[in-house]
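A quick note: this is a predicted structure, and the numbers were derived from the prediction, not measured.
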Amino acid sequence: MEIKEIIEFAKKAELDGKALYEGELAKTEDPGIRKILKMLIEAEENHYDYFDSLDDGDNGVEIQSISLKGVKNVFQEMKDKGEKIITSPDHLSFYENILGIEEKAEKFYRDASENLLEQNVKNALLKIADEEHRHAVMAKSFIDMIRNPSQWVENAEFNNMDDY
């Protein structure tokens, strides 16, 4: 793929991701999950803007990482307040779908970066791949949460979210 094609594909993928998160946000009542979905929507917008700036030859847009520690804090706060996480079977299939999408996106960006000579685009793709990896970790964590909400916050993987 040519650089222009990679960037256009990436921009479309980020808009598609944003639309998915917005759709779930409209259906979700849980305040914690709503907060996280809004963070993900902002991340997808930022990724789009980042690729758009590359497309324009401008490197002025910085990637804003989602802090998985911040995600952890949202749910830890809910637990501390005794608030229950509201989930449904639809949430499980949504996050399983998102997990697959985020893993494919990470692989696409890493693979696309391998043969590029333009270091700035290569670096951009690898930065976004790292972000998609964070999203996949978050999706896995949400799947665990839905399957076992009462023990989720104590889960060792959840407590290691600070590492991402």
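- Applying the ring-ring contact (aromatic ring centres under 6.0 Å, His included) test to every pair with at least one member in residues 12-33, sequence neighbours left out, gives no pairs at all.
- Checked against side chain to side chain contact (heavy atoms under 4.5 Å, CB included), K122 has the following partners two or more places apart in sequence or in another chain: S113, L116, Q119, L126.
- The distance from atom CG of L125 to atom CG of N120, rounded to the nearest 0.5 Å, is 9.5 Å.
- Pairing each heavy atom of E103 with each of A136, the nearest pair is CG-CB, 4.1 Å.
- In this structure, CD1 on I6 lies 9.0 Å from CD on E118, to the nearest 0.5 angstrom.
- Rounded to the nearest 0.5 Å, atoms CZ (F9) and OH (Y109) are 7.0 Å apart.
- Listed here is the closest heavy atom pair of A139 and Y95: CB-O, 4.0 Å.
- Around atom NZ of K11, more than 12 heavy atoms belonging to other residues, nucleotides or ligands sit under 6.0 Å away.
- Cluster membership check: I7 does not share its hydrophobic cluster with Y48, using side-chain heavy-atom separations under 4.5 Å among Ile, Leu, Val, Met, Phe, Trp and Tyr.
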Check the pair H135, H47 against side chain to side chain contact (heavy atoms under 4.5 Å, CB included), reporting the backbone distance first and the verdict last.
-> CA-CA 12 Å; H135 296 181; H47 296 173; 3.8 Å; yes
Criterion side chain to side chain contact (heavy atoms under 4.5 Å, CB included) on L20 and E44, from CA distance to verdict = CA-CA 10 Å; L20 277 172; E44 298 298 320; over 6 Å; no
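- Within the structure, the salt bridge (charged side-chain N to carboxylate O under 4.0 Å, His left out) test picks out the following pairs touching residues 12-22 (sequence neighbours left out): K12-D16, K18-E22, K18-E45.
- To the nearest 0.5 Å, the span separating NZ on K104 from CG on L99 amounts to 10.5 Å.
- How far OG1 of T28 is from CG of L37: 5.5 Å, rounded to the nearest 0.5 Å.
- At distances below 3.5 Å, at least one donor-acceptor pair connects side-chain atoms of R34 with backbone N or O atoms of L25.
- Side-chain contact between E24 and I98: absent, with no pair of heavy atoms (C-beta onward) separated by less than 4.5 Å.
- The CD atom of E131 lies 10.0 Å from the CD atom of E102; values are rounded to the nearest 0.5 Å.
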